[in-house]
Amino acid sequence: MRKLLLLATIFIVAIMTTDGFAAQGREKITVTSNQQSIDYAKGTLIYEGNVRINWKDYIIEANKVEVYLTPDKTLEKIIATGEVKMNQETKVQASCQKATYLARDRILILEEEVEYQDEIGNTLQAQKVTIWTLKEKLQAEGNPVKANYILEEEEIGPPGGESK
C-alpha cells in the first residue's frame, strides 16, 4: 500500500500547474482537456472533458479536475471527478469516481468504486479509501472491503534446524 501513498503524492504534484510550482521544480507537466478555465484572482483552475495529466512516468485521467488555491496562491485542495484513473506505467494503478486531496492535512480521499493494484499484484477494492500521506496510514471503507495480498514465502530449512 506504500505505492498508493507515492501515487497519491504524485497525483497532487502533477495537478499543480500554478506559477509557484513551475518556478520551483521546472518540471514539465502537460494538462490536456476539452476546456480549461483558470481564474487566478479567485484561485480556481478548472479542467473539463477528457482531462489527461502527464508528468514523468505518471498519467492522471478524469472527466473533471478542479484546483483551488488559497489567497496566498498555495494549494488548498484538488477534486478530480468522473472515471478517475491514476497510473505509474505498469507499477501502480488506481481508479475511482472521485478523488479529493486536502493539501493542508495532506490527505487523499478516493471514493466510489475504488480499485488499486501495485506492481507485485496486491489489490484493494472499497467504496472509500482515505490516505494520510504524512503518516503512511490508510483506511478503507465499504461493504465489503476486499484486499488481496501477495506474501513472500519464508525459506524453511530441513527438520532439526540443520542447514545445507
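- With sequence neighbours excluded, no residue forms a side-chain hydrogen bond (donor to acceptor under 3.5 Å, both in side chains) with Gln125.
- Residue Leu138 forms a side-chain contact (heavy atoms from CB on, under 4.5 Å) with just one option from Leu124, Thr130, Leu108, Thr133, and that option is Leu124.
- At least one donor-acceptor pair closer than 3.5 Å links the side chain of Gln36 to the backbone N or O of Val31.
- Remark: Asn148 CG to Thr123 OG1 distance equals 4.0 Å, nearest 0.5 Å.
- Listed by chain and number, the residues in a salt bridge (charged side-chain N to carboxylate O under 4.0 Å, His left out) with Glu111 amount to none (sequence neighbours excluded).
- For Asp105, the side chain to side chain contact (heavy atoms under 4.5 Å, CB included) test picks out Ile107, with sequence neighbours left out.
- Considering only heavy atoms from C-beta on, Asp118 stays 4.5 Å or farther from Ile150 through its side chain.
- Side chain to side chain, Gln139 and Glu141 meet the donor-acceptor criterion of an N or O pair below 3.5 Å.
- Taking NZ from Lys91 and CD from Gln93, the interatomic distance works out to 13.0 Å, rounded to the nearest 0.5 Å.
- Residues meeting the side chain to side chain contact (heavy atoms under 4.5 Å, CB included) test with Gln97, sequence neighbours left out: Glu83, Glu112, Glu113.
- Nearest approach of Ala80 to Val84, heavy atoms of both residues: O-CG2, 3.5 Å.
- Only one option out of Asp39, Leu45, Thr44 pairs with Leu69 in a side-chain contact (heavy atoms from CB on, under 4.5 Å); it is Leu45.
- Remark: Leu75 CG to Arg104 CZ distance equals 13.0 Å, nearest 0.5 Å.
- Screening Ile38, Asn63, Asn34 against Tyr47 for a side-chain contact (heavy atoms from CB on, under 4.5 Å) leaves a single residue, Ile38.
- Annotation: side chain of Ile79 is in contact with side chain of Lys98 (closest heavy-atom distance under 4.5 Å).
- To the nearest 0.5 Å, the span separating CH2 on Trp132 from NZ on Lys137 amounts to 4.5 Å.
- Taking the side chain to side chain contact (heavy atoms under 4.5 Å, CB included) definition, one finds that Lys64 meets it with Ile46, Glu48, Glu66, Thr81, sequence neighbours left out.
- Summarising the geometry, atom CD belonging to Glu115 is positioned 12.0 Å from atom CG belonging to Leu110; distances are rounded to the nearest 0.5 Å.
- For Ala103 against Tyr101, the heavy-atom pair with the smallest separation is CA-CE2, 3.4 Å.
- Atom-to-atom distance recorded for Lys77:NZ and Thr100:OG1 is 7.5 Å, nearest 0.5 angstrom.
- Partners of Thr74 according to the side-chain hydrogen bond (donor to acceptor under 3.5 Å, both in side chains) rule, which considers only residues two or more places apart in sequence or in another chain, are Thr70.
- Ala126 and Val129 get closest at one heavy-atom pair: CB-CG2, 3.9 Å.
- Each of Ile120 and Met86 belongs to its own hydrophobic cluster when Ile, Leu, Val, Met, Phe, Trp and Tyr are linked at side-chain heavy-atom distances under 4.5 angstrom.
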